[in-house]
Amino acid sequence: MTIYSPNTSSSPGPSEETLDLRDFGFWLYLMTDAIIFSLLFATYVVMFQNTATGPVPRDVFDITHVFAETMFLLVSSVTFGFASLASVREQKGQAVIWLMVTIVFGAGFISLEVIEFVGMMQSGAGPQTSGFLTAFFTLVGTHGAHVSLGVIGIVVMITQILIKGLTSPVKSRLHRLGLFWHFLDIVWIGIFSIVYMPGWLI
């Protein structure tokens, strides 16, 4: 069952059955994405100690920097939730504002991740240094690419809301984009718990 309300616009749009099928299709996509990340997590766990002559995780992980990244992404999930609630209440302006705030936090997360990657590579801890770093950059970089696509999706969503209003199809797209965004938060919690925390403590 979807959380968006029926279309209040007089213009014709997709039926509820069609929108439900699109939701189902998007859930299938998220499942395939979850499989991809599961494989990347498994690869990282296997390669975790394959540091060769390069640095070990504790040498390259800055837990304070990572905590800031985590807070940016978690807060962005909250602000997206506010945008979803505003769309259900037909508050077009509030939905746009909260989506813009989400973009700010999402872009902040991406900026911090780029700074982290650049700093590691400048210190000689690039992805070619060891199996551990190859697995790290692949996993965290894949997540960062997804967040970047999510930010672009939010920009497109804001444009659609401003042009078309909160019609049923627009709400449906916002709902699916919200699923994607919250999914990325869950993946990041896994990265923080499996990659950064053990690497910093060991």
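Only a predicted model underlies this, so the values are computations on that prediction, with no experimental measurement involved.
Here Phe180 contributes atom CZ and Phe26 contributes atom CZ; the two are 6.5 Å apart, rounded to the nearest 0.5 Å. Between the OG1 atom of Thr70 and the CH2 atom of Trp188 there is a distance of 5.5 Å, given to the nearest 0.5 Å. Note: Arg176 CZ to Leu30 CG = 11.0 Å, rounded to the nearest 0.5 Å. A distance of 7.5 Å separates CZ in Phe67 from CZ in Phe192, rounded to the nearest 0.5 Å. Between the CD1 atom of Ile97 and the CD atom of Gln94 there is a distance of 5.0 Å, given to the nearest 0.5 Å. The distance from atom CD of Glu69 to atom CG of Asp62, rounded to the nearest 0.5 Å, is 9.0 Å.
Within the hydrophobic cluster formed by Ile, Leu, Val, Met, Phe, Trp and Tyr side chains joined at under 4.5 Å, directly or through other members, Ile189 is accompanied by Leu74. Through side-chain heavy atoms spaced under 4.5 Å, either directly or across other Ile, Leu, Val, Met, Phe, Trp or Tyr residues, Val104 is tied to no other residue.
Within the structure, the ring-ring contact (aromatic ring centres under 6.0 Å, His included) test picks out the following pairs touching residues 89-108 (sequence neighbours left out): Phe72-Phe105, Phe82-Trp98.
Side chain of Ser123 to backbone of Met120: a donor-acceptor contact under 3.5 angstrom is found.
Smallest separation of non-hydrogen atoms from Leu174 and Met157: N-CE, 3.5 Å. The two residues Ser76 and Leu73 have their closest heavy-atom pair at OG-O, 2.6 Å. Nearest heavy-atom pair across Lys171 and Ser87 is CE-O, 3.3 Å. In plain terms, the two heavy atoms of Ala86 and Ala95 that are nearest each other are CB-N, 3.5 Å.
Both Trp27 and Val187 are part of a single hydrophobic cluster, where members link through side-chain heavy atoms under 4.5 Å apart. No chain of hydrophobic side-chain contacts below 4.5 Å, direct or via other Ile, Leu, Val, Met, Phe, Trp or Tyr residues, connects Val56 to Val60. Tracing side-chain contacts under 4.5 Å through hydrophobic residues (I, L, V, M, F, W, Y), one reaches Phe24 starting from Met31; they form part of the same cluster. Ile186 and Tyr29 are assigned to two separate hydrophobic clusters, defined by single-linkage of ILVMFWY side chains at heavy-atom distances under 4.5 Å.
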Can you list, pair by pair, the side-chain donor-acceptor contacts under 3.5 Å of residues 107-115, counting residues two or more places apart and other chains?
unit_1, atom_1, unit_2, atom_2, d
Ser111, OG, Ala107, O, 2.9

Can I get a per-line list of side-chain donor-acceptor pairs under 3.5 Å for residues 129-156, giving both atom names and the distance, sequence neighbours left out?
unit_1, atom_1, unit_2, atom_2, d
Thr129, OG1, Gly124, O, 3.2
Thr129, OG1, Gly126, N, 3.2
Thr129, OG1, Gly126, O, 3.0
Ser130, OG, Leu133, N, 3.3
Thr134, OG1, Pro127, O, 2.4
Thr134, OG1, Ser130, O, 3.0
Thr138, OG1, Thr134, O, 2.7
Thr142, OG1, Thr138, O, 2.6
His143, NE2, Leu184, O, 2.9
His146, ND1, Thr142, O, 2.8
His146, NE2, Asp33, OD1, 3.2
His146, NE2, Asp33, OD2, 2.9
Ser148, OG, Gly144, O, 3.0

For residues 35-52, which side-chain N or O atoms pair as donor and acceptor with protein atoms under 3.5 Å away, sequence neighbours left out?
unit_1, atom_1, unit_2, atom_2, d
Ser38, OG, Ala34, O, 2.7
Thr43, OG1, Leu39, O, 2.9

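Counting only heavy atoms from C-beta outward, the side chains of Leu177 and Arg173 never approach each other to under 4.5 Å. Residues Val66 and Val195 are not in side-chain contact: their nearest non-hydrogen atoms beyond the backbone lie 4.5 Å or more apart.
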